[in-house]
Amino acid sequence: MKIVILDGYAANPGDISYDELNNLGSLTVYPRTDESEVVERAKDADIILTNKVAFNAQLFDELPNLKLICVQATGYNTIDLEAASKHGVVVCNVPAYSTMSVAQMTFAHIFNIFNRVEHYSVLNREGRWSENPDFCYWDTNLREVYGMTLGIVGLGNIGMQVAKIACDFGMKVIASTSKDAASLPEGIEKKSLDELLAESDIITLHCPLNADTKEMICEESIAKMKKGAVIINTGRGGLINEEDVADALSCGILSAYGADTMTMEPPRKDNPLLKCENAFFTPHIAWATLEARTRLYRQVVKNVEAFINGSPINKVN
């Protein structure tokens with residue numbers, strides 16, 4: 001089997017060995033692949049591993065040898081599943097590998113907003129504390145999350161883990177979810193989305209991006225929130241209308257926005273959110289801990305091995 005990784009650098013910049021994949025076939029790894037390079041690099045491949053390189057119907061027409069696409073991620077919206085099935089190509093993904101890491105990043109953003117550790121570290125390196133007349137100082141609104149209401153939109157693996165952590169911190173947890181209220185663990189109360197928007201001090205997004213959720217956070221939904229609410233987005237950039245959120249931050253309707261994802265990645269330099277002092281961003285790295293990427297790689301190996309053995313797993317088409 002000829003195995004080709006089209007965009008390997010993001011998931012493995014060199015700190016994880018490819019030995020197990022090498023043992024399963026002839027492996028070629030490209031750090032990045034431009035759209036114009038896909039056919040040439042993939043034309044002889046039996047198995048393609050991809051993260052963000054997209055596969056449309058035309059590509060499948062040009063890759064007659066292709067048998068398996070293994071998406072090195074949980075989301076697979078970059079693949080035309082109907083075209084894949086039509087051409088007899090199996091598509092599989094890697095579910096739940098980043099649950100703990102994304103939940104951790106969710107709280108990293110929450111704590112950054114309320115404790116501003118980096119802000120004070122920067123000031124102190126510049127001499128602010130050394131020059132202070134008192135033993136301490138603060139110039140931001142320091143808050144504790146104990147007793148705050150956390151509204152979770154989407155209770156999949158990540159949303160559930162965020163809820164568990166929030167309960168351990170003494171937060172009131174409410175959730176907008178398709179799950180039955182009676183099935184929810186103790187400490188999580190089901191609410192309608194409008195109720196959640198109205199009651200939450202912090203709203204964190206963990207739902208998939210689809211036609212129903214695209215730009216669910218917009219001028220209309222922000223108007224239903226508490227004044228000074230905080231929004232956290234470690235889900236998908238497209239869940240919010242970036243201009244509406246920027247406007248709400250600028251006029252004080254929202255007190256802060258913390259995100260690991262944006263609608264366009266990398267973002268345009270003129271993105272209005274980048275100009276907001278109370279908006280905080282990490283560059284889509286919630287999934288990128290060594291532990292999560294190691295789990296990702298190990299499951300990719302299992303996906304490929306299972307396909308070769310004739311029993312595909314984690315199929316999405």
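When reading the values below, keep in mind they use all heavy atoms of this one structure, side chains included, and skip hydrogens, waters and symmetry mates. Quick caveat, the model's predicted, so the values are computed rather than measured.
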request  = For residues I152 and M160, determine if any side-chain heavy atom of one lies less than 4.5 Å from a side-chain heavy atom of the other.
outcome  = no

query = Do the side chains of Q72 and K52 get nearer than 4.5 Å, heavy atoms only?
reply = no

inquiry  = Between T78 and V53, is there a side-chain heavy-atom distance shorter than 4.5 Å?
reply    = no

inquiry  = Taking S98's backbone N and O only, do any of them form a donor-acceptor pair with S101's side chain (distance below 3.5 Å, no angle check)?
reply    = no

request  = Verify side chain to side chain donor-acceptor pair (under 3.5 Å) between T106 and T234, making sure each step is shown before the conclusion.
outcome  = CA-CA 6 Å; T106 299; T234 55; 3.1 Å; yes

query = Cation over ring, R295 on Y97, under 6.0 Å and within 45°?
reply = no

query = Are the side chain of N303 and the backbone of A306 linked by a donor-acceptor contact shorter than 3.5 Å?
reply = no

Atom of T204, atom of L150 and distance for their closest heavy-atom approach = CG2-CD1, 3.9 Å

query = Of all heavy-atom pairs between L68 and C92, which one has the smallest distance, and what is that distance?
reply = CD1-SG, 3.9 Å

inquiry  = In the structure I gave you, are the side-chain heavy atoms of V71 and N51 within less than 4.5 Å of one another anywhere?
reply    = no

key: Donor-acceptor under 3.5 Å (D46 side chain, K2 main chain)   = yes

request  = Check whether the side chains of N124 and Y137 place a donor and an acceptor atom closer than 3.5 Å, and report yes or no.
outcome  = yes

query = So, H87 and D61: side-chain donor and acceptor under 3.5 Å apart, yes or no?
reply = yes

task = Output all residues satisfying ring pair (Phe, Tyr, Trp, His ring centres under 6.0 Å) with F111, sequence neighbours left out; order by chain, then residue number.
result = F107, F169

message = Looking at N309 and E305, would you say the former's side chain and the latter's main chain have a donor-acceptor pair under 3.5 Å?
response = yes

query = Can you tell me if N210 uses its side chain to pair, donor with acceptor, with the backbone of K214 under 3.5 Å?
reply = no

Donor-acceptor under 3.5 Å (N278 side chain, S255 main chain) = yes

key: Side-chain ion pair, E62 and K43, N-O less than 4.0 Å   = no

query = Taking S200 for the side chain and L197 for the main chain, is one N or O donor matched with an acceptor at less than 3.5 Å?
reply = no

request  = Check the pair H119 / N112 against side chain to side chain donor-acceptor pair (under 3.5 Å), numbers first and verdict last.
outcome  = CA-CA 9 Å; H119 167 76; N112 172 63; over 6 Å; no

E40 atom CD, neighbour heavy-atom count above 12 within 6.0 Å = no

message = Quick test of your reading of the model: are R293 and E291 salt-bridged, counting only N-O distances below 4.0 Å?
response = no

Validation row: V122, E118 side chains within 4.5 angstrom (heavy atoms) = yes

message = Between R41 and T33, does the side chain to side chain donor-acceptor pair (under 3.5 Å) criterion hold? Intermediate values first, please.
response = CA-CA 8 Å; R41 292 181 173 184; T33 295; 2.9 Å; yes

message = Just verifying a value: how many Å separate T50 OG1 and I79 CD1, rounded to the nearest 0.5 Å?
response = 5.5 Å

inquiry  = Just to verify, what does N93 make a side-chain hydrogen bond (donor to acceptor under 3.5 Å, both in side chains) with, not counting sequence neighbours?
reply    = none

query = Out of curiosity, L254 CG to D244 CG, how far, rounded to the nearest 0.5 Å?
reply = 10.0 Å

inquiry  = Please report the interatomic distance CG(D247) to CD1(I222), rounded to the nearest 0.5 Å.
reply    = 8.5 Å

request  = Just do the side chain to side chain donor-acceptor pair (under 3.5 Å) check on N233 and Y257 with the steps written out, would you?
outcome  = CA-CA 8 Å; N233 185 5; Y257 178 65; 3.3 Å; yes

key: I3 side chain reached by Y18 side chain, heavy atoms, under 4.5 Å   = no

Flag, side chain of K226 to backbone of E199, donor-acceptor distance under 3.5 Å = yes

message = To check you understand the geometry: which heavy-atom pair defines the closest contact between G170 and Y146, and what is its length?
response = CA-CD1, 3.7 Å

Non-hydrogen side-chain atoms of L205 and I232 separated by less than 4.5 Å = no

note = In this structure, CG of L155 is separated from NZ of K190 (nearest 0.5 Å) by 9.5 Å

ask   = Is the closest side-chain donor-acceptor distance between D180 and S183 under 3.5 Å?
value = no

D201 side, atom CG; T149 side, atom OG1 - distance, nearest 0.5 Å = 5.0 Å

ask   = Is the side chain of E131 donor-acceptor paired with the backbone N or O of R128 at a distance under 3.5 Å, no angle test?
value = no

Inter-residue atom distance K269.NZ - N271.CG, 0.5 Å rounding = 13.0 Å

Y297 side chain to N12 side chain, donor-acceptor N/O pair below 3.5 angstrom = no

ask   = Between T263 and E242, do the side chains contain an N or O donor and an N or O acceptor separated by less than 3.5 Å?
value = yes

Donor-acceptor pair between D194 and S192 side chains, under 3.5 angstrom = no

query = Are the side chain of K315 and the backbone of V91 linked by a donor-acceptor contact shorter than 3.5 Å?
reply = no

query = So do L123 and W129 actually touch side chain to side chain, heavy atoms under 4.5 Å?
reply = no

message = If we count only N and O atoms by modelled type, under 3.5 Å, do the side chains of H109 and T282 hold a donor and an acceptor together?
response = yes

